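Heavy atoms only: backbone and side chains are in, while hydrogens, waters and symmetry mates are out. Just so we're clear, the structure is a prediction, and the values are computed from it rather than from any experiment.
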Amino acid sequence: MLSKQMSHLKVDPAARQRSKLIRMNKELPGALVEEIGGTIGVMEEHVDFLKERFSLITMKEFKENKEHLADKIVCIFNWANKPDVNSELLKALPRLKVIASAGAGVDHLDIKMISSYGVKVANTPHAVTNSTADLAMTLLLVAARNFMEAHQIAVSPNTVRFHANWVGGDITGMTLGIVGMGRIGYKIAQRAKAFEMKILYHNRHRRPEEEKSVGASYCERLDDLLQQSDYVMLVVNLSPETEKLMGKHEFQMMKPSAMLINISRGLVVDQEALVEALETGQIKAAALDVTYPEPLPRDHPLLKMSNVVLAPHMGTATRGALRLMMEEMVQSMMDAVNGLPVSNEVTGF
């Protein structure tokens, strides 16, 4: 009789597995995330990979139960620049070891302040390289060939005949000036070489190997690059030295037929000076993946200009790139948890 009663109490195998996973999850290191899903949260397709390695704690959960959760969190998964990292948060997380940030840029993080709490910062410089270089060339091609206007002509209900003398700009044989010859700048140069462009570059330090590989010429002075280039590509990190790197003087140095492409950070360009340069014909056009702020106010002049191509900061917005970014972040977090040197640690500040 007792055995019959016990048979009714047998646990379903699926339930047993769920119970096992719950017990395992309790032993996993805690990672603070902004949210799961939504516009700025962890991507749904990444959640299983993350949960195999970390116990994910959302900011909402943390705020509602700080006393219980604070000691469990050893990592912050900083996706889309969220969660916001400030001294208040760092003080509340005594066991925090590392902040893993998606993307190459870390200008949204105060590295010096974070370091003062004994916390390391890591980014994902390798994962973003190809997708961002691809977008850079996309913007160049779209702006050069006047593709936005071409599309409107093609789909307009008023179009009855295509104009035989409507033209865009040339790419092959033209001069591309790359400002910032880091990983992404070099990848852009490789792509430009395939288009048979002449390549100039300006960088803090000369890059002889890369220079030889793509047939680029070094311009020690930015003005020299601006005066010669048909397309000026901004590929620098944002820093006090590069904020408003492109201003009124720099636009005056550019050819009236030249185009600006910015895939770095919005603050690298003085936007008021850019608007003036576009309105007065100092430069021909601009293609921008980044602005300041993002998004721009809906009445901003750049949104109304026919010689401006805008993208919503989408340099890394490919499924493959985002997956690589997440995996690089996880590796950095696992390194910190296991007491190993942190992959892609950011040390300069």
Side-chain angles (χ1 to χ4, degrees), residues 80-81 103-105 107-108 128-129 131-152 168-169 171 174 176-180 182 184-185 187-188 191-192 202 222 225-226 229-239 242-318 321:
N81 298 352
D107 48 277
H108 59 290
V128 305
T129 305
S131 61
T132 306
D134 288 345
L135 182 75
M137 290 305 295
T138 300
L139 288 172
L140 188 155
L141 294 167
V142 167
R145 296 302 301 267
N146 205 2
F147 188 82
M148 304 300 285
E149 183 181 337
H151 174 73
Q152 291 304 317
I171 297 154
M174 306 303 282
L176 171 64
I178 299 173
V179 183
I184 297 172
K187 288 288 185 177
I188 293 167
R191 287 153 173 75
H202 172 74
L222 177 59
L225 178 145
L226 298 174
S229 298
D230 300 299
Y231 303 96
V232 174
M233 183 85 71
L234 303 180
V235 204
V236 295
N237 292 323
L238 178 62
S239 68
T242 61
E243 185 170 336
K244 294 191 177 180
L245 177 68
M246 292 295 295
K248 189 168 184 176
H249 167 79
E250 286 70 29
F251 291 123
Q252 289 173 344
M253 292 295 100
M254 291 174 65
K255 300 177 182 180
S257 58
M259 298 184 183
L260 176 76
I261 301 102
N262 187 11
I263 59 161
S264 55
R265 285 292 187 267
L267 278 171
V268 171
V269 175
D270 181 338
Q271 284 183 171
E272 289 185 10
L274 174 59
V275 169
E276 181 182 348
L278 290 164
E279 287 178 337
T280 60
Q282 285 179 359
I283 66 172
K284 185 175 181 179
L288 314 171
D289 185 44
V290 289
T291 59
Y292 184 80
E294 291 177 353
L296 287 171
R298 297 298 86 183
D299 60 348
H300 196 281
L302 287 173
L303 300 181
K304 302 174 176 65
M305 292 184 167
S306 61
N307 56 345
V308 174
V309 175
L310 289 166
H313 201 150
M314 56 183 283
T316 59
T318 72

Is a side-chain donor or acceptor of [X] paired with a backbone partner of [Y] at a separation under 3.5 angstrom?
X	Y	result
R145	A143	no
T291	G266	no
S229	L226	no

Compare every heavy atom of [Y] with every heavy atom of [X], then report the nearest pair and how far apart it is.
X	Y	result
S264	V236	CB-O, 3.0 Å
A321	T316	CB-O, 3.5 Å
H202	L225	N-CD1, 3.6 Å
Y231	G169	OH-C, 4.3 Å

Under the salt bridge (Lys or Arg N to Asp or Glu O under 4.0 Å) rule, what pairs show up with a residue in residues 271-284, not counting sequence neighbours?
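Only K248-E276 qualify under salt bridge (Lys or Arg N to Asp or Glu O under 4.0 Å).
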Could you go through V275 and H300, starting from their C-alpha distance and side-chain angles, then the distance that decides it, and tell me whether this counts as side-chain contact (heavy atoms from CB on, under 4.5 Å)?
CA-CA 10 Å; V275 169; H300 196 281; 4.2 Å; yes
If you measure from [atom1] on [X] to [atom2] on [Y], what distance do you get to the nearest 0.5 Å?
X	Y	atom1	atom2	result
K244	E250	NZ	CD	12.0 Å
L245	L267	CG	CG	12.0 Å
I171	L141	CD1	CG	4.5 Å
Y292	Q271	OH	CD	9.5 Å
L302	K304	CG	NZ	9.5 Å
I263	I188	CD1	CD1	3.5 Å

Please check if the number of heavy atoms outside N237 that lie under 6.0 Å from its CG is greater than 12.
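No, not enclosed.
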Around atom CE of M148, are there more than 12 heavy atoms of other residues, nucleotides or ligands at under 6.0 Å?
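Check fails, neighbour count at 12 or below.
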Chi angles and distances behind the side-chain contact (heavy atoms from CB on, under 4.5 Å) call for L260, V269:
CA-CA 10 Å; L260 176 76; V269 175; 4.2 Å; yes
Any non-hydrogen side-chain atom of M314 less than 4.5 Å from a side-chain atom of L135?
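Yes, close enough: below the 4.5 Å cut-off.
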Does some side-chain heavy atom of L274 sit less than 4.5 Å from a side-chain heavy atom of N262?
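Sidechains of L274 and N262: no contact.
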Scan residues 132-142 for pairs that pass side-chain hydrogen bond (donor to acceptor under 3.5 Å, both in side chains), counting only residues two or more places apart or in two chains.
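Sorted result for residues 132-142: D134-R191.
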Per the side-chain hydrogen bond (donor to acceptor under 3.5 Å, both in side chains) rule, what does the pair list look like for residues 252-261, sequence neighbours excluded?
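Sorted pair list: D230-K255.
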Could you go step by step and tell me if V290 and L234 meet the side-chain contact (heavy atoms from CB on, under 4.5 Å) rule?
CA-CA 10 Å; V290 289; L234 303 180; over 6 Å; no
Residues M259, M174; criterion side-chain contact (heavy atoms from CB on, under 4.5 Å); working and verdict:
CA-CA 12 Å; M259 298 184 183; M174 306 303 282; over 6 Å; no
